[in-house]
Amino acid sequence: MERNVMSWNIALDKGFEPRLYPYGPVNIPEGYYDARIDFKIWAKKTMAVVCYFSIEAINEKCCLSVFRMQATKAYKIRGCDIDFTTCPTGRIYKIRIGYNGKNKPVLQEAAFTWI
């Protein structure tokens, strides 16, 4: 499968607006959500894919990073088979958002849905 992660400039050229997706703590409680990946951008300062999600049920947007696993070099989260460099955008995923010790949102689980 082909990678579908963009650079910042290409995303802007295609009409995406990353600034509408908060990075810091947002009004999203920890929990499970059906969320659509609208687009993905390569992180600038670390080896990560930043996924830009829309959570329609609570009318929120957020972006969550998926870091490269050192052992496999894959962009996956622990216990998940989804490769975030190639997974489809525009589709709904079941995700679990948690918060780390710095009170930043973290993508803890992700799975394909049939929605």
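Computed from heavy atoms alone, side chains included, the values below leave out hydrogens, waters and symmetry copies.
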Asks: Run through I82, D34, L107 and flag the one making a side chain to side chain contact (heavy atoms under 4.5 Å, CB included) with Y93.
Replies: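 So the option named by the test is I82.
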Asks: Just wondering, more than 12 heavy atoms not from N59 lying within 6.0 Å of its CG?
Replies: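 Not more than 12 within 6.0 Å, no.
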Asks: What I'd like to find out is whether the side chain of P105 reaches to under 4.5 Å of the side chain of N100, using heavy atoms alone.
Replies: no
Asks: I need the C63 SG to D38 CG distance, nearest 0.5 Å.
Replies: 11.5 Å
Asks: Under the rule for side chain to side chain donor-acceptor pair (under 3.5 Å), what residues qualify as partners of D81, not counting sequence neighbours?
Replies: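 Expected list: none.
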Asks: Heavy atoms only: give me the nearest I77-A110 pair and the separation to one decimal.
Replies: CD1-N, 3.7 Å
Asks: Answer yes or no: is there a donor N or O on one side and an acceptor on the other, between the side chain of R68 and the main chain of T46, under 3.5 Å?
Replies: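 No, R68 side chain to T46 backbone: no donor-acceptor pair under 3.5 Å.
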Asks: To the nearest 0.5 Å, tell me how far L64 CG sits from Q108 CD.
Replies: 10.0 Å
Asks: Are the aromatic ring centres of Y75 and W42 under 6.0 angstrom apart?
Replies: yes
Asks: Determine whether a donor-acceptor pair (N or O, by modelled atom type, separation under 3.5 Å) exists between the side chain of E109 and the backbone of C80.
Replies: no
Asks: Measure across K76 and M69 and return the closest heavy-atom pair with its distance rounded to 0.1 Å.
Replies: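 Between these two residues, the closest heavy atoms are O-CG, 3.5 Å.
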Asks: Have a look at F39 and tell me which of F53, Y21, F84 forms a ring pair (Phe, Tyr, Trp, His ring centres under 6.0 Å) with it.
Replies: Y21
Asks: If every non-hydrogen atom of T113 is compared with every non-hydrogen atom of R91, which pair is closest and at what distance?
Replies: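 What the structure gives for the nearest pair is O-NH2, 2.9 Å.
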Asks: Indicate whether any N or O donor in one side chain lies under 3.5 Å from an N or O acceptor in the other, for N9 and S7.
Replies: no
Asks: Out of the candidates V49, V50, V66, only one should pair with V5 under the side chain to side chain contact (heavy atoms under 4.5 Å, CB included) rule; please name it.
Replies: V49
Asks: Do P18 and I41 come close enough that some side-chain heavy atom pair is under 4.5 Å?
Replies: yes
Asks: Quick one: do I55 and I97 satisfy side-chain contact (heavy atoms from CB on, under 4.5 Å)? Show the steps, please.
Replies: CA-CA 11 Å; I55 305 172; I97 296 175; 4.0 Å; yes
Asks: Under the side chain to side chain donor-acceptor pair (under 3.5 Å) rule, what do Y33 and E60 come out as? Steps first, then yes or no, please.
Replies: CA-CA 11 Å; Y33 298 96; E60 291 286 348; over 6 Å; no
Asks: Transitively linked via ILVMFWY side-chain contacts under 4.5 Å: I58 with V106?
Replies: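 No, it is not one cluster - the side chains of I58 and V106 are not joined through contacts under 4.5 Å.
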Asks: Only one of T86, N4, T89 forms a side-chain hydrogen bond (donor to acceptor under 3.5 Å, both in side chains) with K40, so which one is it?
Replies: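 Answer to the side-chain hydrogen bond (donor to acceptor under 3.5 Å, both in side chains) test with K40 among T86, N4, T89: N4.
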Asks: Report yes or no: do S54 and K61 form a side-chain donor-acceptor pair below 3.5 Å?
Replies: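 Side chains of S54 and K61: pair found under 3.5 Å.
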Asks: Membership question, hydrophobic clusters at under 4.5 Å side-chain separation (ILVMFWY): are I95 and Y32 in the same one?
Replies: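 In one cluster with Y32: I95, no.
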Asks: Write down the atom of Q70, the atom of K73, and the distance for their closest heavy-atom approach.
Replies: O-NZ, 3.1 Å
Asks: Looking at F67 and A48, what are the two nearest heavy atoms and their distance?
Replies: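 The pair with the smallest heavy-atom distance is CD2-CB, 3.6 Å.
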